[in-house]
Amino acid sequence: MAPEKDPDELKKGFCWKLCQSRLCLVLVFLGMAAGIAVSVPMVLLSKSLRERFAPDMKWWQKTIVYQIYPRSFQDSDDDGVGDLRGITSRLDHFQYLNVKTIWLSPFYPSPMRDFGYDVSNYVDVDPKFGNLSDFDDMLKTAHGKDLRVVIDFVAGHTSSDHPWFQLSQNRTSPYEDYYIWANGTTLPNRTIVEPSNWMSVFGNSSWQWSDERRQYYYHAFLAKQPTLNYRNPTVVEEMKNVIRFWMDRGVDGIRVDAIPYIMVSEDYYQDQARNYTATAVWTKPAYYITNLTKNVPDIGDIVKGWREVLDSYEDSDDDDDKSRFMIVELYDTPEVRNRYFEYGADMPFNFDLVTALDNHYQVHGNFCAAICIRDAINNVYDNLPKGKWANFVLSNHDNRRAASRMGELYVDAVNMVLLTLRGTPTTYYGEEIGMEDIFVSYQDTQDPFGKKYGPARYQEKSRDPERSPMQWDDNKNAGFTNSSHPWLAVHPNYTHVNVEWEKNSTNTTTLKVYRDLAILREEPSLQYGLLKFTDVNPDILSYLRSAEEHPHFLVVINFGQVPVTHDFPGALVNRGQGRVKVVTSQAANEGRFAKDSSVPLTQIKLQPGDGLVLELAESGK
Ligand code: NOJ
Ligand code: MG
């Protein structure tokens, strides 16, 4: 079923907008003169007139979120590692793209065993990335360019180098219970083993013995990432203070890392039951039913507490648009995701498109692509709680790049889907130019998750391939660094897959298509209008986006492997012609479609990977 949710639920703010129109000024004047309340004339306005005004959307519903992996974006001091000053120097890129929000993966002090997702001080900047004043400069410059800044909040675990852990390990008050400590279980032969069979996400036991404290501590990820103890109210307060520290500096929101793992059951000694339906190997958590170590209900109160902190900033500001945003990271079904809406997150990340694109890759042979993508999208909308806002993602620092999963041919097409859906899109750096994964040998592998699996299997797990340096131009190291040793290699295709080339080329390029989409996305129909799938078959994905009294848009894409010729349904679209607003690069460069030309909606011929966003003349009812 296509989403039928009425955008009316978003329309609380229309009165204000209405009051800016001349028509309403007149009405208000008349109304006041007659001693009638201001609201009365508005009620008398026709529904269709009301539809002309945009709903009251929060800034995070209107924006594209762009994920920056700071190590890989721009190096300013030639040490081969990206940094905050580098980011500041590249902020114009977002103005060009029409992207209004950036999210920064961790830049806090860290021994970098998980490249910053192992924090040793939450309220500072790692010297590799700069210092707090570089952060403040970056934030100020970003705000000056109307860009919001969201930061990563690695809430569940610290680095084992964090002073809290050191003090907890040697039982210094008040840190004893900052982490999850448990005695081992003594077997009949007197050997001491882990308290239970709980597994780390990165494989093997999640209990690590501490010689110093002579107890085990719990870690959901690497052993050097001990999990904090949120059952200790002091820890809860410490972490709220971390949020306050960054909000006080003016940060616009947080992306909460790995939310399902921030707490575990209190019963450390109870084994997880075996999950006989999962195919996971015994060293992975999914081998067991994970109810004791994942999404435990007590997480709800913690998220609620963070919401209150964030809201206190919004409340202290009259401007509605100053709301502080919280998105939480989890890979799960809508049923589980939805709990986090209830707890107070603005959005739980939705990675269903990442999975759908994997399916595309696997089932390419039998042309399931478009249907898989439609089903994934419908599954999101159909399960979205009333009044809640969807979001979509194609890739990130933990997943393969879209071009490497789908093939170069489909890059523009997937960006087209991402940017024309109803919901907030997140773009991983480099996807706007169609970057591809790099090859990294085992010797050069940086990611501990990859290394852990050894030379035979590291490629299955290593996340280095999707973390390669941003490709800015065709200079040495793609303009990322002047060092001859970038921390990861630059993809050899940087000579033609780079921002400068794609910006200045006389051809249509992935970058230009992305920008066209990002600009067009501000159209009411694309921003908040309904989405209805029109024709979908194994090759074609097509849907209509429509807000009443505004131009409607028809998206048509060939995700198959053969050319298709198709009529687009009269009943739903009810238009003879469409005007091409965005066209994928290959279709444009090979002369099949030209921007701003009119095309009849019958017999549209699309090569594999071709996609169009067509504006339908007058809107139909
Ligand atoms: C999720 C992050 O996205 C990932 O990169 C990291 O390794 C784990 N959390 C552990 O922090
Ligand atoms: Mg640097």
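Counting from 1, the numbers follow the sequence of the chain as shown. Side chains are part of it too, since the values below use all heavy atoms of this structure and drop only hydrogens, waters and symmetry mates. As the structure is a computational prediction, the values presented were derived from the model and not from experiment.
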Qualifying residues under side-chain contact (heavy atoms from CB on, under 4.5 Å), relative to [X], sequence neighbours excluded:
{"X": "Gln586", "result": "Leu409, Glu590, Arg592"}
{"X": "Thr277", "result": "Asn275"}
{"X": "Pro569", "result": "Thr534, Asp535"}
{"X": "Met347", "result": "Trp60, Phe325, Ile327, Trp389, Asn391, Thr424"}

Item to complete: Just grab all the salt bridge (charged side-chain N to carboxylate O under 4.0 Å, His left out) pairs involving residues 393-403, residues at least two apart or on different chains.
Response: Asp398-Arg463, Asp398-Arg467, Arg400-Asp437, Arg400-Glu466, Arg401-Glu431
Worksheet item: With a cut-off of under 6.0 Å to the ring centre and 45° to the axis, is Arg515 in cation-pi contact with Tyr96?
Response: yes
Listed partners of [X] passing salt bridge (charged side-chain N to carboxylate O under 4.0 Å, His left out), at least two apart:
{"X": "Asp146", "value": "none"}
{"X": "Arg90", "value": "none"}
{"X": "Arg374", "value": "none"}
{"X": "Lys503", "value": "none"}

Quick one: do the [X] and [Y] side chains pair a donor with an acceptor below 3.5 Å?
{"X": "Asn399", "Y": "Asn396", "result": "yes"}
{"X": "Thr420", "Y": "Tyr543", "result": "yes"}
{"X": "Gln67", "Y": "Ser105", "result": "yes"}
{"X": "Tyr514", "Y": "Thr427", "result": "yes"}
{"X": "His397", "Y": "Tyr117", "result": "yes"}

Item to complete: Would you sort out whether Tyr340 and Asn295 count as a side chain to side chain donor-acceptor pair (under 3.5 Å), showing the intermediate values?
Response: CA-CA 10 Å; Tyr340 289 91; Asn295 295 309; 2.6 Å; yes
Response to the item:
Residue set satisfying side chain to side chain donor-acceptor pair (under 3.5 Å) with Thr101, at least two apart, ordered chain then number -> Thr63
Practice prompt. Under the ring-ring contact (aromatic ring centres under 6.0 Å, His included) rule, collect the residues that match up with Tyr287, sequence neighbours excluded.
Written response: none
Worksheet item: Can you list the residues that meet the ring-ring contact (aromatic ring centres under 6.0 Å, His included) rule with Phe553, with sequence neighbours excluded?
Response: none
Discussion item. Tell me whether Asp332 is salt-bridged to Arg339, with the criterion being a basic N under 4.0 Å from an acidic carboxylate O.
Written reply: no
Worksheet item: Hey, are Lys388 and Asp346 close enough for a salt bridge, meaning a charged N less than 4.0 Å from a carboxylate O?
Response: no
Worksheet item: Parallel, tilted or perpendicular: which fits the ring planes of Phe351 and Tyr331, with parallel below 30° and perpendicular above 60°?
Response: parallel
Shortest non-hydrogen contact from [X] to [Y]?
{"X": "Gly529", "Y": "Arg545", "value": "O-NH2, 2.7 Å"}
{"X": "Val440", "Y": "Pro465", "value": "CG2-N, 4.4 Å"}
{"X": "Ala588", "Y": "Thr508", "value": "CB-OG1, 3.4 Å"}
{"X": "Phe349", "Y": "Glu329", "value": "CD1-CA, 4.0 Å"}
{"X": "Pro285", "Y": "Val201", "value": "CG-CA, 3.7 Å"}

Answer whether the closest heavy-atom distance between the side chains of [X] and [Y] falls below 4.5 Å.
{"X": "Phe73", "Y": "Leu104", "result": "no"}
{"X": "Val613", "Y": "Asp516", "result": "no"}
{"X": "Phe439", "Y": "Gln459", "result": "yes"}
{"X": "Lys100", "Y": "Lys62", "result": "no"}
{"X": "Ile289", "Y": "Arg274", "result": "no"}

Worksheet item: Do Tyr261 and Phe221 have their ring centres less than 6.0 Å from each other?
Response: yes
Discussion item. Measuring centre to centre across the rings, with the benzene-like ring taken for any Trp, is Tyr429 within less than 6.0 Å of Trp103?
Written reply: no
